[in-house]
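Below you'll find the structure, written out as structure tokens, and then a few comments.
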Amino acid sequence: MKAYFADEQRRHDPKSFLSSGAPKPNPEVPERIERLLAGATAAGCTIERPKSFGLGPIAAIHTPEYIEFLQRIYERWQRIDGASAEVIPNIHPIARGGSRPDSAVGQAGYHMADTSCPISAETYDSSCWSAWTAVGAAEAVEAGASSAYALCRPPGHHAFADVAGGFCFFNNSAIAAQRLRQYADRVAILDVDLHHGNGTQGVFYRRADVLTVSLHADPVRFYPFFWGYADERGEGAGLGYNLNLPLARKSGDEVFLEALAAAIRRIDAFSPDALVVALGLDAFAGDPFGGLSVTTSGFARIGETIARLGVPTVIVQEGGYLCDALSGNLTAFLTGFAARHKTSP
Ligand code: ZN
């Protein structure tokens with residue numbers, strides 16, 4: 001399988017992170033890339049650099065005022081006396097229907113959902129390359145590859161059309177899905193990350209052409225708290241085109257695979273022309289977030305199960321944090337997937 005990655009994705013190196021209000025080192029570190037590259041290579045992937053696709057595929061998902069915010073906010077932030085080194089919001093609108101303020105502090109609160117997505121001088125560039133990595137993989141599938149892996153970092157699935165959050169700036173999975181829509185009438189996104197794909201759900205919530213399905217730790221006591229419940233089913237034309245499968249904390253392989261079977265049935269009934277897998281590896285039992293208890297062999301079974309859909313597939317990296325098995329979990333998923341994946345010509 002071809003894999004895509006660009007060196008510029010290493011430059012974003014966030015420092016700050018608040019966990020239950022306490023300052024901690026940010027876990028979305030560049031070292032993740034080395035582990036994931038090793039995992040993809042061990043699964044037989046050849047790594048290619050994507051080309052720059054310009055802002056077009058990003059602007060197909062994200063609003064112009066949000067893109068401009070990400071381009072300029074770091075430089076603007078430096079002009080504030082006594083401001084933090086990284087851009088971090090400290091005030092948010094309680095309802096987003098109000099005015100968008102002109103000030104840097106006001107716009108940080110408007111465009112950033114939480115404190116876990118600090119913006120440095122390198123963030124915008126790294127995020128563009130992460131998005132182009134997803135587009136490169138989507139383009140390979142459009143050109144006839146049965147599958148491709150996008151080593152996206154920073155990740156994307158918590159980013160809405162105009163809001164960053166949870167380590168995410170541009171929604172790489174949504175950008176890949178929208179790119180696939182150029183040739184595919186119906187695209188499904190299956191999110192197996194530990195956390196609910198709230199940004200992806202938000203982007204496609206009123207659309208029937210992109211089905212969004214997410215398996216994740218129950219948000220009742222877990223990030224992203226405000227989204228990810230089973231009664232969120234889409235709105236308007238999109239009603240019935242969003243499926244959330246929240247799982248009890250610490251659930252293991254059997255519970256995960258049972259929910260995955262329900263997800264696969266829904267995707268099968270939608271009959272997509274292409275699939276995006278938002279592949280988080282943080283559902284692993286040994287991941288620092290500790291939300292679910294999937295094993296390394298469980299990831300191989302998850303890959304095999306998804307492969308049986310037989311749909312051209314773009315695999316987009318989402319979460320999965322430093323632990324001994326991070327490389328091995330990616331290898332297990334990709335190997336399991338590749339062993340069973342066949343698409344009809
Ligand atoms: Zn996650």
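As the structure lists them, so they are numbered: ligands from 1, and atoms in each ligand from 1.
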When you check the gap from the basic side-chain N to the acidic O, do R153 and E28 get nearer than 4.0 Å?
yes
Quiz question: by atom type and distance under 3.5 Å, do the side chains of H196 and N198 form a donor-acceptor pair?
no
Is there a donor in the side chain of Q9 and an acceptor in the side chain of T133, or the other way round, less than 3.5 Å apart?
yes
Taking every non-hydrogen atom, the tightest pair across Y4 and R49
CD2-C, 4.5 Å
Determine whether more than 12 heavy atoms belonging to other residues, nucleotides or ligands lie under 6.0 Å from atom CZ of F256.
yes
Under 2.8 Å from the Zn ion (ligand 1), how many protein N/O/S atoms can be counted?
3
Does the separation of the ring centres of Y66 and F160 fall below 6.0 angstrom?
no
